[in-house]
Each structure stands twice: as structure tokens, then as C-alpha cells.
Amino acid sequence: MKAHFQMFAGYNAWANGRLYAASAELSEADYRADLGAYFKSVEGTLNHLMIGDLLWIARFRGQAMPKLPLTDILHDNLPDLTAARKVLDADIVRLIDEMPPDRFGKSFTYRAMTLPGEQSQVLAEALSHFFNHQTHHRGQVHALLSRLGLKAPPLDLLYYQRGSVPEAG
């Protein structure tokens, strides 16, 4: 099971690298434009992903959760957000690499932002949500990039697994 989540941690970093490189092609106005997405813009959605990841990582480590609204803009420019994302992605890889194999099947307890009291869940199930959440919102950014006229890069897991990616288009 550990190898499965190590693959997802690597895929997460790979996909984010591709998505952020494509986002760097946007004008400042397009990056910040409210396009009607749930978190409004490319900027809002990428920042939301960072917030969600920080919250879940704190939970996985049994740390106090940062007090961050899900709509905060942590980094108000893409270069700073990109730098922070690279650090965070490396931390996610490290988090999974350092987990003992038997931990994935065990429950852990955390506080949710949307439910009262403590929640308990099997770690593997929470990690599945964690990585699925990232993929979900990357898909939203991918659609926004396409809407803004960019050739959004292929982000399919299968391409990461194969080690080859077709041209964007």
C-alpha cells in the first residue's frame, strides 16, 4: 500500500510542475480573472489546493491545523506560489516516504473544519481523499487554462506511470 501512495505523491509533484509551468504563460489579468470556478480563478484554485494540502498534512502529522480559510490567497503572485508549491510537494513525498508501512491501515483522529468534534478514519482512506482532492482541483485549473486559450498540458496519471507524455493539444 505504501508504494501506491508513494506513486501518488510523485504524480502529484509531476502534475503540479506541469500545471504551474502552463499557468506561468498566463497574463496577470488572466491568472486573477474570476471565471466562475468554485474558487473563481486560476489564482484562487491554486491557492485553495495549497491550503487544503497544508491542512491535511497537519492532520496526518498530528499537528495543530493552521487557521486558514479555504478561500485565502496565501501567495498573491504565481512565482511565490510556485516556489512554495515545490517545497510542499517535496514535503508530501517525504511524508509518505517516512510513514511506516503498517500505518496506512490504521485509523487516525483529527478535527474537520466542517464537522463538530473529532473524526476517525483509516489513514489510507484519508490519503485517497487527499490525492483525489488535488486531482479534482487541478482538473478545474486545467479547464480554466483551456478556456483562457492555452494548450493545457496532459496530466493523466497514466502518462506519469509510463514516463512519457504526448504533446499538449
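Since we're looking at a predicted model, the values are computed, not measured. Side chains included, hydrogens not; waters and symmetry mates left out as well; all remaining heavy atoms used.
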For a side-chain contact (heavy atoms from CB on, under 4.5 Å) check, start with the C-alpha distance between Leu127 and Ile96, then their side-chain angles and the critical distance, and finish with the verdict. CA-CA 10 Å; Leu127 285 168; Ile96 301 299; 3.8 Å; yes

Would you sort out whether Phe39 and Asn47 count as a side-chain contact (heavy atoms from CB on, under 4.5 Å), showing the intermediate values? CA-CA 9 Å; Phe39 293 98; Asn47 272 277; over 6 Å; no

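Across all their heavy atoms, Ser27 and Asp30 have their closest contact at OG-N, 3.0 Å. Of all non-hydrogen atoms in Trp56 and Ala126, the two that sit nearest each other are CZ3-CB, 4.0 Å. Nearest approach of Ala15 to Leu155, heavy atoms of both residues: O-CD2, 3.7 Å. Closest heavy-atom contact between Arg18 and Pro154: NE-O, 2.9 Å. Residue Ala37 comes nearest to Leu144 through the heavy atom pair CB-CD1, 4.0 Å, listed as atom of the first residue, atom of the second, then distance.
Partners of Asp97 under the side-chain hydrogen bond (donor to acceptor under 3.5 Å, both in side chains) rule, at least two apart in sequence or in another chain, are Gln6. Partners of Ala33 by side-chain contact (heavy atoms from CB on, under 4.5 Å), not counting sequence neighbours, listed by chain and number: Leu35. Under the side-chain hydrogen bond (donor to acceptor under 3.5 Å, both in side chains) criterion, Tyr31 pairs with no residue, sequence neighbours left out. Under the rule for a side-chain hydrogen bond (donor to acceptor under 3.5 Å, both in side chains), the partners of Gln121 that lie at least two apart in sequence or sit in another chain are Tyr110. For Leu145, the side-chain contact (heavy atoms from CB on, under 4.5 Å) partners at least two apart in sequence or on another chain are Leu19, Ala22, Ser23, Leu26, Val42, Val141, Leu150, Ala152. Partners of Tyr159 according to the ring pair (Phe, Tyr, Trp, His ring centres under 6.0 Å) rule, which considers only residues two or more places apart in sequence or in another chain, do not exist here. Considering only residues two or more places apart in sequence or on other chains, His133 meets the side-chain contact (heavy atoms from CB on, under 4.5 Å) condition with His48, Leu49, His129, His137. The side-chain contact (heavy atoms from CB on, under 4.5 Å) search around Met1 returns Phe5, Phe104, Ala124, not counting sequence neighbours.
Distance CG/Leu88 to CZ/Arg94: 10.0 Å, rounded to 0.5 Å. Expressed to the nearest 0.5 Å, how far OH of Tyr20 lies from CG of Leu81 amounts to 4.0 Å. Separating the CG atom in Leu157 from the CG atom in Asn12 is a distance of 11.0 Å, to the nearest 0.5 Å.
Pairs of residues two or more places apart, or lying in two chains, that qualify as side-chain hydrogen bond (donor to acceptor under 3.5 Å, both in side chains) and include a residue from residues 99-109 are Asp102-Lys106, Thr109-Ser120. The salt bridge (charged side-chain N to carboxylate O under 4.0 Å, His left out) pairs that include a residue from residues 111-131 number zero, where partners must be two or more places apart or lie in different chains. Residue pairs meeting the salt bridge (charged side-chain N to carboxylate O under 4.0 Å, His left out) criterion with at least one partner in residues 37-60, sequence neighbours excluded, are Arg32-Glu43, Asp53-Arg85.
Side chains of Thr45 and Tyr38 form no contact here, defined as non-hydrogen atoms less than 4.5 Å apart.
No chain of hydrophobic side-chain contacts below 4.5 Å, direct or via other Ile, Leu, Val, Met, Phe, Trp or Tyr residues, connects Phe8 to Val122. Under the 4.5 Å side-chain contact rule for hydrophobic residues, Val93 and Met7 do not share a cluster.
Aromatic pair Phe130/Phe60: centroids less than 6.0 angstrom apart.
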Output side-chain donor-acceptor pairs under 3.5 Å for residues 61-75, partner residues at least two apart or in another chain, one line each.
residue, atom, partner, partner atom, Å
Arg61, NH1, Asp91, OD1, 3.4
Arg61, NH1, Asp91, OD2, 2.9
Arg61, NH2, Asp91, OD1, 2.8

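Between the Arg138 side chain and the Asn16 main chain, no donor and acceptor come within less than 3.5 Å of each other.
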